[in-house]
Structures are given as C-alpha cells and as structure tokens.
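Keep in mind it's a predicted model, so treat the numbers as computed, not measured.
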Amino acid sequence: MGARWWPALVAAFPFGMGLHQFRDIQWFTVEKPAVFGIPLFAWALLRARRSAGIGPIVGVAVVFAGTTFLDLYLGLVEGAIALLALLAARDRRTLACVSASAVAVLPLAVLQVRLLQGEGALVEPETWLWERAALDVLSLWPPRWNHLEA
C-alpha cells in the first residue's frame, strides 16, 4: 500500500503486450498463448502466502489448472515458478499451494499422457493441420489474416 504504480506498469507493459513473442511470430502464423496466466498465478501464490484460510490456496490451484488447460507449456512454466517459490520460501503455506496445484492439474496430466499414447484422440493430427492450421495465415499483401480480407 502506498507504493508507486508506474514501476509496476513499466515492468508489466512489455509482458502484457506480448512483446516477448514478437521474435517468434512467423509470416504464416500469429498464434499467441494466453500469457496472462503467469502473472495471475504469481499474484495468487503471493496472496495465498500472505493470507489465512483455504480459499486463497484453492484460488492458486484453480489458476494453475486453468492456465494448464489453456496451454500446457505455460502450465509447465507455472510449475517451475511454484517449485522455485517452494525452494525459496520453505514454509507450509507455499507447500500447501504447490500441493493443491499439483492435485488440481493431475486429471489434465493423466489425460495428456493418454492422448500421447494414442488413446481417446478425437481426431488425427493431420485433421487439425488441414482444418485449423491452414486457416492461420498472415498475408501482408493483400492484407489478410485467417483468410479474411482486411
């Protein structure tokens, strides 16, 4: 409380605008992951460590599971953040947050393993390539994206 807001804005602006992804954008795709989950997870973890009760711990687990559901890679990044926080803090509250997060994401991990083994796949990978990825095209001239004219 009482802290200046502009340093937080300066630190958050490049991340929030996705500037870290511009290097990876190719001419044929403009897909971006939902990176908002990472600072939301860090904020929830910090808040849960400073508060009492089970609600904030459940909140951390929900954010972790939600981000993992949206993008598995970002879930792994949040998992690394959780482990680093656990190593740095070494308290029961952080351990409870990390444990609840692991339990919340367990069904997604089991589903992912089953899908990687070929069980329960809804479609073949080639179907996704031709029906979804084929539409993710960025054309500078004539200007269009996803086969929609500007």
Side-chain angles (χ1 to χ4, degrees), residues 1 3 5-138 145-148:
M1 302 300 169
W5 59 270
W6 67 268
L9 183 66
V10 168
F13 181 78
F15 185 80
M17 293 300 294
L19 299 181
H20 61 288
Q21 297 176 10
F22 283 159
R23 184 181 67 86
D24 295 329
I25 292 178
Q26 303 294 325
W27 65 271
F28 53 84
T29 181
V30 291
E31 291 179 345
K32 293 183 180 181
V35 295
F36 65 86
I38 295 174
L40 183 61
F41 175 74
W43 174 76
L45 184 60
L46 183 62
R47 183 173 176 197
R49 288 188 60 230
R50 293 179 177 171
S51 333
I54 190 85
I57 294 173
V58 172
V60 171
V62 167
V63 170
F64 184 69
T67 303
T68 304
F69 180 74
L70 288 174
D71 190 322
L72 187 60
Y73 172 73
L74 295 178
L76 293 173
V77 170
E78 286 182 1
I81 292 170
L83 290 177
L84 288 174
L86 185 59
L87 291 173
R90 295 184 180 175
D91 63 347
R92 288 185 163 190
R93 194 83 179 151
T94 307
L95 178 61
C97 291
V98 173
S99 300
S101 297
V103 169
V105 81
L106 194 58
L108 294 173
V110 169
L111 178 63
Q112 183 66 29
V113 168
R114 290 190 63 203
L115 288 173
L116 288 172
Q117 293 173 347
E119 299 177 28
L122 300 176
V123 295
E124 295 297 319
E126 291 79 20
T127 305
W128 180 85
L129 180 66
W130 293 108
E131 292 182 5
R132 171 64 178 95
L135 297 177
D136 254 350
V137 175
L138 173 66
W145 173 70
N146 202 11
H147 295 287
L148 299 173

- Task: Any salt bridge (Lys or Arg N to Asp or Glu O under 4.0 Å) involving residues 96-108? Give me the pairs, sequence neighbours left out, ordered by first then second residue.
- Result: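 Non-adjacent pairs meeting salt bridge (Lys or Arg N to Asp or Glu O under 4.0 Å): zero.
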Please enumerate all residues that pass side-chain contact (heavy atoms from CB on, under 4.5 Å) together with [X], with sequence neighbours excluded.
| X | result |
| --- | --- |
| L95 | L86, S99 |
| L46 | R50 |
| A61 | A100, S101, A104 |
| A82 | F41, V98 |

- Query: How would you list all residue pairs meeting ring-ring contact (aromatic ring centres under 6.0 Å, His included) that involve residues 85-107, not counting sequence neighbours?
  - Reply: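 Applying ring-ring contact (aromatic ring centres under 6.0 Å, His included) to every pair that reaches into residues 85-107, excluding sequence neighbours, yields nothing.
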- Message: Strictly by ring-ring contact (aromatic ring centres under 6.0 Å, His included), give each pair with a member in residues 69-114 just once, sequence neighbours left out.
- Response: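 Sorted pair list comes back empty.
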- Task: Check each of V77, L83, L84 against I81 using the side-chain contact (heavy atoms from CB on, under 4.5 Å) test, and report the only one that passes.
- Result: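 Among V77, L83, L84, the one meeting side-chain contact (heavy atoms from CB on, under 4.5 Å) with I81 is V77.
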- Message: What's the separation between atom CG in L106 and atom CG in L111, rounded to the nearest 0.5 Å?
- Response: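 These two atoms lie 11.5 Å from each other.
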- Restricting to pairs with a member in residues 74-91, which pass side chain to side chain donor-acceptor pair (under 3.5 Å), not counting sequence neighbours?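 Sorted result for residues 74-91: T67-E78, D91-T94.
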For [X] and [Y], work out which heavy atoms get closest and say how close.
| X | Y | value |
| --- | --- | --- |
| C97 | L45 | CB-CD1, 3.5 Å |
| G53 | R93 | O-NH2, 2.6 Å |
| A44 | V60 | O-CG2, 3.2 Å |

- With side chains defined as the heavy atoms from C-beta onward, is the minimum distance between L108 and F64 less than 4.5 Å?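 Result no, sub-4.5 Å side-chain heavy-atom pair not found.
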